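Below is one structure, written out as structure tokens; the observations come after it.
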Amino acid sequence: MKTSLLHAAFLLFAVSVIGFSTQAQSDSPDAQLSGRLTDLSGYGVGNVKITAQLENNPNARIWSAVSSADGTFLLVIPAGPCRAHFQHPSFVPRDVVLVLAPGEHRTLDLRLEIERVSENVVVTANALPLDLDHTPAPVDLIGRQEIEQRQAVSLPDLLATQTGVSLARTGTIGGFTTLFVDGGNSSFTKVLIDGTPVNLPGGDLIYTNLTLDNVDKVELVHGAESALYGTDAMSGVIQIVSHQGSTRIPEVNLFAEGGGFSSARGGAQVSGLLHKFDYSAAGSYLHTDGQGVNDAFLNRSFAGNLGYSFSDSNQLRLTVRSNVSFAGTPGQTLLAAFFPPDPTAFDDEHQLSSNLSWTFKTGSHWVHRISGMEARFVDTNAFPDFNFSETAQFNRAGFLEQSTYSFRQGAVSAGYQYEVENADPNNNSGLHARRNNQAGFLDARWQPLSRLTLSAGARAEANTNFGTRVVPRVGAIYALRYSQGLLADTRARISYGQGIEEPTIFESFDSDPCNPGNLNLRPERSRTVNVGLDQYFSANRFRISATFFANEFRDLIDQQQGPSNSMCFGGQEKLFFNIDAARARGLNWSGEAHLNRWLVLKGNYSYDDTRVLKTVAAAPTVEQPGNHLLRRPVNSGNLWLNATFRRVNFNLAGYFTGVRTDSDFDGLGFTRNPGYARFDVATSYAFGKGFSFYGRVTNLLDKQYQEAIGFPALGRDFRLGMNYRFSGRN
């Protein structure tokens, strides 16, 4: 009897517990927040971190979730007033205040705006900024944090560590610099500063005095991009993206440093946000005596970025960048026994670029951008001992109109560009040249599947010299795998593009009777293919990327013997023709490992097998068919390590390059430039209250090498400095 009563009591207790539990669940105070996150084109945005916290209680618990690959999310949070925060590295953060009732199921769909200065957003490879995960072309992004950790000062030194890039400098800090991307000529890479082309007409560019003041990011796009950018984009595009003020209380940065070779450098940067007006400006001064006779270099730089927002969908922006330098030019050391270094020769350079753009939306699908741009370059070479000097002046000015229609699975952009080129390539000749160029282009991207993004575009370029040419590009990127496990995301990509380059001013207009210009020259042409695979590991903490590239360059311009002329050296004129051809094939490999929160390791390796396919019979032996292209190593690589622990940051960078084909261009028979390895180290210590001490050593082991035959590179150099930074805030 007692046992039966115990059983009955236990059964009654169990039923009561279940009943109370069921009632509690039905009256649960929790609410559900769900929805889909997309970009402005309707792409689902995955890996967005969503956090929510009850309002008016900063110590309350934080609830969190992560959006799936298609942008959907679900978050269970307590009822009541709360603030939801949406965070993704590629997009502008969003905050939403909600009041949720007990048991409510609220749907919230948001469109996130792309963050242009993010290290995961590509501005250059697409008509509009796009997440790196949806960009078919291979892209290297270098953000502000890496620039500061490496204490990089100039653009060439920063780019020298990137995949597929080789650098050749005729001298030390102020020497003439050429930069080759994936085997293409130095003039085959288009360089933009906030959208303004700064190459000289015909593609050449003086990298010598381009500094990184007021720069938030540098992008390098591999492959021909003439479909978007027209002439000069034959093997790649580089773009400098300026810093934009964003804090109500201004951010201020002051620095001063000194070191080896009697070097001194100082500068300042200030940025902020005043109501609807944002501003950022920076300037710097650098002087060094160099390591030899007449090897001094002086550089003064200024950069500004001003913007005004009439509304969230209507902004006006002006960017300006100026670089002025003065460098001694002692000449080749190979000829020092016959021609001692000239203690008075110098090269004086002035570069100025500006861009005024208006971006606005009409409705929820249309975005328009109208830009006016101008770039000026003045270069004076002088040999006072010989009472000789010459000045070259170049100018590019134009405007761009682009309209983009975005829909759920993609976007279509159409644009028109007009440009005027003026040049006085030699003040002694009295020649003035002018070209008027215009172009129309279409560019589209489409996401038929959540894992697949397709892109295609074409441009019709009408040039004063060569008439009209049409250049296309196509690409695709496919996500083979989405995962947060040990074997994480896998993406495959392929891109194809055609490039064109107009003749230089000299090649088209030169009035020298012994080297006359040819107005009938065709544009130089390229075809590039890139096929790559990106593999991530351990929740994307580790990445390995490999890209095969095959580039062909046709109709390259060279000189061959012309009619007899007793006035000319050798008794014959030299005429310009489209006669050369070359190719480059290889593999670019890169890896990145975030070993923990304070240690990052990066590395890359490039195999670049270039070949001369066709040239003039009178070309030097080293430039005959079958040889490698000059100053482009077959094997090169870089290693980059950064450690941040408490107040200390330590950075180690190594550069490795194999043997390069080169020439002394003086008939001395030097055609082989040995390989070398160089190491740089940079470190900083934060004292607190905004003050920090920093130092760096370039060429740590004092390696003796030459990037170009006859021009020894700078030996071991050190700099020590102080920095004060007041971090702005809202």
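Values in this document were obtained by computation on a predicted structure and should not be read as measured data.
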Using atom types as modelled and distance alone, determine if a side-chain donor or acceptor of [X] lies under 3.5 Å from a backbone N or O of [Y].
{"X": "Asn199", "Y": "Thr189", "value": "yes"}
{"X": "Glu374", "Y": "Asn395", "value": "no"}
{"X": "Tyr229", "Y": "Thr124", "value": "yes"}
{"X": "Lys190", "Y": "Thr231", "value": "yes"}
{"X": "Thr196", "Y": "Ser354", "value": "yes"}
{"X": "Thr177", "Y": "Gly175", "value": "yes"}
{"X": "Arg469", "Y": "Phe466", "value": "yes"}
{"X": "Ser271", "Y": "Ser280", "value": "no"}
{"X": "Asn530", "Y": "Pro138", "value": "no"}
{"X": "Arg435", "Y": "Asn465", "value": "no"}

For atom [atom1] of [X], decide whether the heavy atoms of other residues, nucleotides or ligands shown that lie under 6.0 angstrom number more than 12.
{"X": "Arg376", "atom1": "CZ", "answer": "no"}
{"X": "Lys574", "atom1": "NZ", "answer": "no"}
{"X": "Arg585", "atom1": "CZ", "answer": "no"}

- When Asn305 is tested against each of Arg317, Gln244, His243 for side chain to side chain donor-acceptor pair (under 3.5 Å), which residue passes? Arg317
- Applying side chain to side chain contact (heavy atoms under 4.5 Å, CB included), name anything that partners Thr211, two or more places apart in sequence or on another chain. Asp213, Asn299, Ser301, Asn323
- Task: Determine, step by step, whether Leu167 and Tyr207 satisfy the side-chain contact (heavy atoms from CB on, under 4.5 Å) criterion, reporting the C-alpha distance in whole Å, the side-chain angles of both residues, the deciding distance to 0.1 Å, and the verdict.
- Result: CA-CA 11 Å; Leu167 190 72; Tyr207 287 89; over 6 Å; no
- Which of Asp608, Thr528, Val529 passes side chain to side chain contact (heavy atoms under 4.5 Å, CB included) with Asn551? Answer is Thr528
- Message: I need the single residue from Asp182, Val181, Asn185 that forms a side chain to side chain contact (heavy atoms under 4.5 Å, CB included) with Arg632. Which is it?
- Response: Asn185
- Message: Taking the basic N atoms (NZ, or NE/NH1/NH2) and the acidic carboxylate oxygens, is any pair closer than 4.0 Å for Glu552 and Arg527?
- Response: yes
Less than 4.5 Å apart, side chain to side chain, heavy atoms only: is that true for [X] and [Y]?
{"X": "Leu613", "Y": "Arg554", "answer": "yes"}
{"X": "Leu306", "Y": "Leu316", "answer": "no"}
{"X": "Pro201", "Y": "Glu502", "answer": "yes"}

- Task: Please report the shortest heavy-atom distance between Lys217 and Val121, naming the atom on each side.
- Result: NZ-O, 2.7 Å
- Is there a side-chain contact (heavy atoms from CB on, under 4.5 Å) between His134 and Gln447 once you walk through the steps? CA-CA 9 Å; His134 295 108; Gln447 191 178 20; 3.9 Å; yes
- Message: Please evaluate residues Thr464 and Arg434 with respect to the criterion side-chain hydrogen bond (donor to acceptor under 3.5 Å, both in side chains), reporting the C-alpha separation (whole Å), side-chain torsions for both, the decisive distance (0.1 Å), and the verdict.
- Response: CA-CA 9 Å; Thr464 299; Arg434 177 186 175 96; over 6 Å; no
